[in-house]
A.B. asks: 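Right, I'll just put the structure down here and ask away after.
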Amino acid sequence: MIGATATATEMQNNFGRYLNMVIEGKEVVVTRNGKEVGRFIPKEAAVSYLTDSLSGILSGDYDMDRMREEGLRKKYEITD
């Protein structure tokens with residue numbers, strides 16, 4: 001749940017306020033020059049993001065040798 005959006009300057013000047021929001025389980029989106037540059041999130045959300053990312057990788061049926069070979073071919077621009 002996004003609790004607030006703050007500029008980098010606002011975040012710096014009011015860190016305690018935004019820290020309390022994160023402690024309450026809310027996310028704070030940090031912007032600079034109008035563009036999102038990061039998020040200040042609760043620890044549980046970070047663990048959840050990592051778990052979701054890994055489960056997407058681990059749930060598929062992958063041939064790691066084939067994937068490694070494809071990666072090397074792309075890296076070194078080898079064509080058949």
Side-chain angles (χ1 to χ4, degrees):
M1 170 195 326
I2 296 179
T5 299
T7 66
T9 302
E10 289 173 331
M11 182 70 128
Q12 182 177 1
N13 293 338
N14 300 293
F15 184 76
R17 177 177 149 212
Y18 294 112
L19 178 60
N20 285 332
M21 293 176 116
V22 172
I23 290 169
E24 293 169 1
K26 299 174 184 165
E27 294 184 16
V28 178
V29 176
V30 182
T31 62
R32 187 171 191 187
N33 298 324
K35 295 184 181 184
E36 182 178 335
V37 295
R39 289 179 183 240
F40 193 35
I41 62 174
K43 181 179 177 184
E44 294 76 24
V47 171
S48 176
Y49 288 138
L50 290 172
T51 303
D52 290 349
S53 295
L54 288 174
S55 64
I57 292 170
L58 299 175
S59 65
D61 183 24
Y62 297 99
D63 179 349
M64 291 304 291
D65 291 330
R66 182 182 57 77
M67 291 177 67
R68 184 177 0 239
E69 183 179 336
E70 286 176 9
L72 290 171
R73 286 181 180 280
K74 286 179 185 176
K75 181 176 181 178
Y76 295 105
E77 299 178 5
I78 299 171
T79 59
D80 289 331

A.B. asks: Specify the closest pair of heavy atoms between Met21 and Gly3, including all atoms of both residues, with the distance to one decimal.
C.D. replies: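 Shortest heavy-atom separation between Met21 and Gly3 comes out as CE-O, 3.5 Å.
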A.B. asks: Check the pair Arg73, Glu69 against salt bridge (charged side-chain N to carboxylate O under 4.0 Å, His left out), reporting the backbone distance first and the verdict last.
C.D. replies: CA-CA 6 Å; Arg73 286 181 180 280; Glu69 183 179 336; 3.2 Å; yes
A.B. asks: Please report the shortest heavy-atom distance between Met11 and Ala6, naming the atom on each side.
C.D. replies: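 Looks like N-CB, 4.4 Å.
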A.B. asks: Nearest 0.5 Å please: distance from the CD atom of Gln12 over to the OG1 atom of Thr7.
C.D. replies: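 Here the interatomic distance stands at 9.5 Å.
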A.B. asks: Can you name the closest pair of heavy atoms from Glu10 and Thr5 and give their distance?
C.D. replies: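 Residues Glu10 and Thr5, closest heavy atoms: OE1-O, 4.2 Å.
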A.B. asks: Roughly how far, to the nearest 0.5 Å, is the CD1 atom of Ile23 from the OH atom of Tyr18?
C.D. replies: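 Rounded to the nearest 0.5 Å, the OH-CD1 separation comes out at 15.0 Å.
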A.B. asks: Consider side chain to side chain contact (heavy atoms under 4.5 Å, CB included). Of Val29, Val28, Val22, which one does Arg39 pass it with?
C.D. replies: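 With Arg39 as partner, side chain to side chain contact (heavy atoms under 4.5 Å, CB included) holds for just one option, Val29.
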A.B. asks: Could you give the distance from CG (Leu19) to CG (Asn14), rounded to the nearest 0.5 Å?
C.D. replies: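 So the gap between those two atoms works out to 12.0 Å.
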